[in-house]
Chemist: 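Below are the structure tokens for one structure; questions will follow.
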Amino acid sequence: MQMPNLLEAKKRTNNSVKTTNYHLDSKYQKLGQNKTYFIKTYGCQMNEHDTENIKAILEQMAFKETDVMENADLILLNTCAIRENAHNKVFGMIGRIKHLKASKPNIIVGMCGCMVQEESVALEIKDKYKWLDIVFGTHNIHELPKVLYESLKNKRLELEVYSIEGDIVENMPVKRDSKYKAWVNIMYGCDKFCTYCIVPYTRGKQRSRAKEDIINEVKELIKDGYKEVTLLGQNVNAYGKDLNAGYDMSDLLKETAETGIARVRFITSHPWDFTDKMIDVIAKYPNIMPYIHLPIQSGSDRILKLMGRRYTKETYIDLFNKIKKNIPNCAITTDIIVGFPGETRKDFEETLDVVNTCKFDSAFTFIFSAREGTPAAKMKDETLLEEKEKRLYELNALINKYAKEANDKYLNKVVPVLLEGISDKNSSMLMGYTDTMKLVNVKAPKDQIGQIVKVKITDVKTWSMDGEIANE
Ligand code: SAH
Ligand code: SF4
Ligand code: F3S
């Protein structure tokens, strides 16, 4: 048993990061014969992509996927720790699964992802959820076969969670959700330590993947018919800083664009490391999409300082304006936290003011959630939840107003859309995203799925648009 430890997770060592290659030992290859698996994924794109790796590892072990949890022989929850409600959802689900296990004792139940990296959660599992079979963390996804094997062999909970990140593991198999767009990790971990955030503890120190491995992955994706890649990291703009090779995110974006893949995206950008060179590269290459997710978190300089974000309202707005000026039609979205400890009405009004200035294309908004072990969790917080909820409501109304205004500009315009599949809302329509990441439901024949087509926008709403294939 390997338990995570908060103090260890906080440490940053100068140990050089090695790259190793994934290999599945032959003794694990039949573990899943005649068995099915079901995975539920919480959290961010990082977790979604990890799930794509986990699925492929399980399938190498002969498991088959099912999308009905009740039918599965192996149920795995890939969890997120970013806010308290993510926790609650997972433990609610675990309760449901416990009932299922009571009637089907042979099912294998597991947890992985960011939540189990938390010391308190691991202790809780050891204490109250001993009936779980496997628990592994974000640093040892490649060890899933071994953890599963040991649990089956010993018929007991196998909990293996490391606090210190290990090697970068290349060549992990992947079962991608989409045939047209793909996530590509460019870095793991985060060293920013924003005072509210748990990620630097659950994902370890920043480790950039070698550029050759990234570019080779993109080239393989092109061969497989992929149209779009999204370069993934917690703050992609810091790519390469840890490698000290004089090769940064702007170089990587350029080289990725030069592979010729139709669309390049990247998330998430921290304003801190966003360089002019990056803006130039994005502006220059038509296959780098004019869409940037640029979390601001707060508009109050006082709160930004307490958050450890290292920019001010003014420098954020300067960057925002520079991007808008240099990258025509660039859509910019953001993340905002309300109710950070000590946030006053005046601080909140500074946030509303930035929203009125930037008129974001859209935003994810959250109420601050104290995460154990982070500095902000110890800060004095006297604002009532009720007041925080009011602020969130007020902020969302403003965000929605500007989201609709941004979309209104698209009415009757012709825009490129990568058609991804059948629309959730209307099964006679297809859905896809514009270059600027607007969701469009399109009247188009099914054989156009997987194509980037020109779409005329016929109707706009706050969160989506409708369109039809443009006649040119
Ligand atoms: N690496 C990304 C953010 C990843 S987490 C970045 O720096 O932009 C996604 C969002 O969750 C954050 O942008 C933040 O708005 C929100 N978030 C993170 N920790 C939070 C907390 N403790 N309470 C509420 N929201 C939080
Ligand atoms: Fe969290 Fe900040 Fe790192 Fe983003 S940059 S993952 S908010 S610590
Ligand atoms: Fe959640 Fe971990 Fe992502 S905490 S937001 S799944 S990095």
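Any value given below was found using the heavy atoms of this structure, including those in side chains, with hydrogens, waters and symmetry copies removed. Whatever order the structure lists ligands and atoms in, that order sets their numbers, starting from 1.
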Chemist: Does ligand 1 have any atom that is closer than 4.0 Å to a heavy atom of I82?
Modeler: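 For ligand 1, residue contact (heavy atoms, under 4.0 Å) with I82 is present.
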Chemist: As a check for students: among G189, A81, P200, G43, identify the option with a heavy atom nearest to atom 4 (S) of ligand 3.
Modeler: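 Heavy atom nearest to atom 4 (S) of ligand 3 belongs to A81.
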Chemist: Tell me, which protein residue and heavy-atom name are nearest atom 2 (Fe) of ligand 3, and how many Å apart are they?
Modeler: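 Here the nearest protein heavy atom works out to C114 SG, 2.2 Å.
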Chemist: Heavy-atom contact check, 4.0 Å cutoff: does T374 meet ligand 1?
Modeler: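 No, T374 has no heavy atom closer than 4.0 Å to ligand 1.
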Chemist: With a 4.0 Å cut-off on heavy atoms, is M46 in contact with ligand 1?
Modeler: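 The answer is no, since M46 has no heavy atom less than 4.0 Å from ligand 1.
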Chemist: What pair of heavy atoms forms the shortest contact from I292 to C330, and how long is it?
Modeler: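 Minimum heavy-atom contact is CD1-SG, 4.0 Å.
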Chemist: Identify which of Q45, R203, Q297, H293 has a heavy atom lying nearest to atom 14 (C) of ligand 1.
Modeler: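 Looking at heavy atoms only, the winner is Q297.
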Chemist: How far is atom 4 (Fe) of ligand 2 from its nearest protein heavy atom, and which residue and atom is that?
Modeler: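 The answer is Q234 O, 4.2 Å.
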Chemist: Decide if atom NZ of K126 counts as having more than 12 heavy atoms of other residues, nucleotides or ligands within a radius under 6.0 Å.
Modeler: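 12 or below, so no.
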Chemist: Name the closest protein heavy atom to atom 1 (Fe) of ligand 3, giving the residue it belongs to and the distance to 0.1 Å.
Modeler: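 Checking every protein heavy atom, the shortest distance to atom 1 (Fe) of ligand 3 gives C80 SG, 2.4 Å.
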Chemist: I need the nearest protein heavy-atom contact for atom 3 (Fe) of ligand 2: residue, atom name and distance, please.
Modeler: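 Looking at atom 3 (Fe) of ligand 2, the protein heavy atom closest to it is C190 SG, 2.3 Å.
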Chemist: Tell me, which protein residue and heavy-atom name are nearest atom 7 (S) of ligand 2, and how many Å apart are they?
Modeler: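 In this structure, atom 7 (S) of ligand 2 has Y196 OH, 3.4 Å as its nearest protein heavy atom.
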Chemist: Looking at W272, I'd like to know if the NZ or CZ of K192 sits under 6.0 Å from its six-membered ring centre while staying within 45 degrees of the ring's axis.
Modeler: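 Yes, K192 lies over the aromatic ring of W272.
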Chemist: Would you please determine whether Q234 falls within less than 4.0 Å of ligand 3 on a heavy-atom basis?
Modeler: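 Yes, Q234 has heavy atoms under 4.0 Å from ligand 3.
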Chemist: Would you indicate which of D335, I336, T195 comes nearest to atom 12 (C) of ligand 1 when only heavy atoms are counted?
Modeler: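 Minimum heavy-atom distance to atom 12 (C) of ligand 1 goes to D335.
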Chemist: Any idea which protein heavy atom is nearest atom 8 (S) of ligand 2, and the distance to it?
Modeler: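 Of the protein heavy atoms, C194 N, 3.3 Å lies nearest.
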Chemist: Looking only at protein heavy atoms, which one is nearest to atom 4 (C) of ligand 1, and how far off is it?
Modeler: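 The answer is Q234 OE1, 3.4 Å.
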Chemist: So is K40 actually on top of Y42's ring, under 6.0 Å and inside 45° of the axis?
Modeler: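 Judged by the rule, K40 and Y42 form a cation-pi pair.
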Chemist: Check whether any heavy atom of I337 sits under 4.0 Å from an atom of ligand 1.
Modeler: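 Per 4.0 Å heavy-atom rule, I337 contacts ligand 1.
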Chemist: Counting only heavy atoms, which portion of S369 has something under 4.0 Å from ligand 1: side chain, backbone, both, or neither?
Modeler: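 For S369, the contact with ligand 1 is made by both the backbone and the side chain.
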Chemist: For R309, which part has a heavy atom under 4.0 Å from ligand 2: side chain, backbone, both, or neither?
Modeler: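 Answer for R309: side chain.
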Chemist: Taking distance alone, with N or O pairs closer than 3.5 Å, would you say S269 contacts ligand 1?
Modeler: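 No, no N or O pair falls under 3.5 Å.
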Chemist: Donor-acceptor pair, distance only, cut-off 3.5 Å: does the side chain of T334 make one with the backbone of I296?
Modeler: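 Indeed, once roles are kept as given, a pair shorter than 3.5 Å links the two residues.
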Chemist: With a 4.0 Å cut-off on heavy atoms, is M46 in contact with ligand 3?
Modeler: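 The answer is no, since M46 has no heavy atom less than 4.0 Å from ligand 3.
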Chemist: Among all the protein's non-hydrogen atoms, which is closest to atom 1 (Fe) of ligand 2, and how far away is it?
Modeler: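 Going by distance alone, atom 1 (Fe) of ligand 2 is nearest to C197 SG, 2.3 Å.
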